[in-house]
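To find a chain, count down the sequence lines: A is the first, B the second, and so on, and within it residues start at 1.
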Amino acid sequence: MAEIPESLLRRSAEAKAKALGLPVEQVLAEMKGEAPPTPPPAPEPEPASAADPEAEEPTVPEEVVAAEEPESIEAGSETVVSPPEGGSTAEEGSTAEGGEGAVPAPEPEKEMVAVAAGEAPAASLPEAPAPEAPSAPNPPDASGNGSGNGSGNGRKAALVATRPVVPAAGTPEGVRTQRLLTVVKARAIQQVKTEPTDKVNTWPHLMLAEFSALLAVTGVLVILSIILQAPLLDPANFNATPNPSKAPWYFLGLQELLSYFDPQIAGVTVPTIVGLLGFMAIPYVDRNPSTKPSDRKFAIMLYTLFMAGSATLTIFGVLFRGRGFNFAYPWQDGVFFDDIKDWVHFE
Amino acid sequence: MLEKLKTRAREMNERLRGSQLAESILRPGSPFKKGYSDSPRNRSYVVMNNVLYHLHPVKVKRHGVRLSYTLCLGGLSFFLFILLTITGIFLMFYYTPTGELAYSDTAALSTSVAFGSLTRNMHRWGAHFMVLTVFLHMSRVFYHGAYKPPREFNWVVGVILLLLTLLLSFSGYLLPWDQLALWAVTVGTNMAGFVPVMGDQVKFLLLAGVEVSAATLLRFYVLHVLFFPFVIVIFMAVHFWRVRKDGGISGPL
Ligand code: HEM
């Protein structure tokens, strides 16, 4: 059975002790299984849902609780289960790592959830308790395959009511009575810090979008590759320097800069210092916490200028540089860029 | 007749999907499993019970799903990387990184290898695409301010990914061993030679000599097919992991 925190055990032991008029310590020991139950020991059905969440098909692993709500947000029940943003996300914490059964499932954010335990032993059977719990905050399971059964709450009830309560004297046999066994504060053991956010299931919503994007790109690439032949010029020849010699396009902006400035400046300072370290430093230099475009006009302007500048240099290097890396009009002198010169024609 | 075939096919399908083999492969909640029904829980299972869970959380913010937010650019960069890996492996079967054979092997891809031309073209244009999508992805991240806390470090990882993407592309540029490859790489590595103080050393390390030679070809080949992919995969893993740990996609604006 999953580990129940001492404080919770104690609280329910107190309530139980009060109801039965027994000393708290004794009840507590009983609940921990350290002492035999006082009343004639009724058979002790271990609730399967608590003992082994993965054991069989109809048993719902506790993690599912977090994922079971309808897709749109619903005040109340969604609050707890929607994971916090940064830090240790509840989503990761309780649903992922919770796979080992170590982390208790977050419980619905009702102020109080009363847990009832029937007196008949049947009440503590795994399937039974959920309907009897006075409030089942989970919306009915849409799949309707019967395995859901308000698992979150059901499980909790099962935990608390594992041991059947002593039948009150004078109750005729066969009559089920209900008694308030204990009141459990339904607060998640894990602290949930963030506001609820509007979430949708990754499957199918995100994955279908990704899949379409993937198909579209593959399609475009295949068609392009059927139409356009990748360049293959003459074999490498160390003695025949082509005129002009151009770098790959993503370095052509740099090559362009090199033609203006002392290579010591353009070839090194620009790419490594500005390009790399500068870019890496952006989040640490830009201390403005806002992400609203209207609050960060300056940053946006700088970036746009930088990108537009690089693009201009690159396009210039690709199209407007001819023999000797001298200025040339592509529509007059032709395209001096082997990657595209076969399929860009200006005539 | 057709009806009968159809029923037979359906029965067969049912039996296959219910077989022990299928049961053992498909985890609970797989949409391919027998008796899968569309329900919120099963939708969660599809992700949670599968390897997919290493990439995606069960739920994502509604606005993050809209194509107009990420434009899927990060995802496409990753997908192009996968495509390039697949086509690249194909090319490796036919390519020898030596001064004598590199060029003729490349030429033979277009003439005497089935699908060789298509694969080579896809690899080459795909590489250009990837450089482009990575740049665009970076820009979309910038314009969304998505590098702001807590995502600063993932931006740094991103810049490393950009650098690795460029290095991958550049190291591949030499491999056809034609005039374009030789001289583009000569120009590119000359720029590396301008690194102050240790420029010549850097250049020597890159070229395995003072200028581009057959030794450079082998060096670029190993960098291109083994070293850079290896490193970029590690950084991508960190990148994706951080996207989730930093609280999923940023925003909405
Ligand atoms: C090989 C290159 C890269 C790959 C495969 C990649 C992949 C991804 C993916 C799949 C995402 C999820 C969101 C989306 O699709 O937009 C993402 C987010 C992100 N990427 Fe990249 N990326 C790459 C390069 C970069 C670069 C160059 C930068 C910046 C310099 C960067 C910074 C970020 C940041 C900060 C996020 C979080 C954005 C957010 O939360 O909205 N990445 N990346």
Side-chain angles (χ1 to χ4, degrees), chain A residues 64 67-68 70-71 85-86 91 95 141-143 197-203 205-206 209-210 213-214 217 221-222 224-226 228-237 241-242 245-248 250-251 254-255 258 263-264 267-268 276 279-280 282-284 289 291-292 296 300 303 307 338, chain B residues 37 39-44 46-47 56-62 65 67 72 75-76 79 103 106-107 118 120-122 124-126 129 131 139 142-145 147-148 150 152 155-156 159 163 166 169-170 173 176-184 186-188 191 194-196 246-247 253:
Chain A
V64 182
E68 247 182 323
E71 276 162 31
E85 317 294 290
E91 163 220 338
T95 63
D141 177 28
S143 66
T197 38
D198 195 3
K199 295 210 164 195
V200 294
N201 274 105
T202 302
W203 169 268
H205 302 290
L206 177 60
E210 285 176 338
L214 177 158
V217 166
L221 192 59
V222 169
L224 192 77
S225 301
I226 291 173
L228 297 176
Q229 185 57 39
L232 187 66
L233 311 188
D234 297 333
N237 181 350
T241 314
S245 295
K246 290 190 182 180
Y250 35 84
F251 288 151
L254 268 182
Q255 198 181 348
L258 268 172
Q264 297 283 347
V268 179
L276 277 175
F279 259 76
M280 284 186 193
I282 286 178
Y284 306 96
T291 54
K292 274 217 200 71
R296 42 198 299 266
I300 288 181
Y303 186 87
M307 280 297 151
D338 296 298
Chain B
S37 63
S39 71
R41 180 191 300 123
N42 278 341
R43 288 178 170 198
S44 307
V46 170
V47 176
H56 280 316
V58 167
K59 288 190 164 198
V60 286
K61 291 178 201 152
R62 188 185 290 281
V65 169
L67 267 184
C72 222
L76 283 184
F79 177 62
Y103 181 82
T106 311
L118 179 70
R120 172 165 181 249
N121 292 350
M122 280 179 72
R124 188 157 186 123
W125 303 132
F129 268 24
V131 174
S139 302
F142 185 89
Y143 287 121
H144 283 162
Y147 55 82
K148 306 206 168 185
E152 307 101 303
W155 171 271
V156 176
V159 177
L163 177 70
L166 292 180
S169 183
F170 184 65
Y173 219 84
W177 205 234
D178 62 349
Q179 281 290 75
L180 176 58
L182 175 63
W183 295 101
T186 304
V187 172
M191 292 197 266
F194 293 128
V195 178
D246 291 342
L253 284 184

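The most heavy-atom pairs under 4.5 Å with chain B, out of A:L214, A:I300, A:V217, come from A:L214. Of the residues considered (B:Y147, B:F142, B:W177), B:F142 shows the highest number of contacts with chain A, using heavy-atom pairs under 4.5 Å.
Of all heavy-atom pairs between B:R124 and A:A230, the closest is CD-CB, 3.5 Å. Between B:P176 and A:L232, the closest heavy-atom pair is CB-CD1, 3.8 Å. Nearest heavy-atom pair, B:H144 versus A:R296, reported as atom, atom and distance to 0.1 Å: C-NH1, 4.1 Å. Pairing each heavy atom of B:D178 with each of A:P231, the nearest pair is OD2-O, 4.2 Å.
Within the model, atoms CD of B:E152 and CD1 of A:I282 stand 13.0 Å from one another, a figure rounded to the nearest 0.5 Å. Going from atom CG of A:L221 over to atom CZ of B:F79 covers 8.5 Å, rounded to the nearest 0.5 Å. A distance of 10.5 Å separates CG in B:N42 from CG in A:N201, rounded to the nearest 0.5 Å. Remark: A:L206 CG to B:K59 NZ distance equals 13.5 Å, nearest 0.5 Å. Atoms CG and CG, from A:L228 and B:N121 in turn, are 8.0 Å apart once rounded to the nearest 0.5 Å.
Only the side chain of B:F129 has a heavy atom closer than 4.5 Å to any heavy atom of chain A. With a threshold of 4.5 angstrom between heavy atoms, B:V60 approaches chain A through its backbone and through its side chain. B:S139 touches chain A through backbone and side chain together, each having a heavy atom under 4.5 Å away. For chain A, the nearby part of B:L163 is the side chain; its heavy atoms alone come within less than 4.5 Å. The contact between B:L76 and chain A is made entirely by side chain atoms (from C-beta outward), counting heavy-atom distances below 4.5 Å.
Not less than 6.0 angstrom separates the ring centroid of B:F170 from the ring centroid of A:Y250.
Looking only at distances, no side-chain donor or acceptor of A:D234 sits under 3.5 Å from a matching main-chain atom of B:Q179.
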Chi angles and distances behind the side-chain contact (heavy atoms from CB on, under 4.5 Å) call for B:V156, A:Y284: CA-CA 10 Å; B:V156 176; A:Y284 306 96; 3.8 Å; yes
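Residues passing the ring pair (Phe, Tyr, Trp, His ring centres under 6.0 Å) test with B:Y173, sequence neighbours excluded: none. By the side chain to side chain contact (heavy atoms under 4.5 Å, CB included) test, B:V159 is found to be paired with A:L276, A:F279, A:M280, B:W155, residues two or more places apart in sequence or in another chain being considered.
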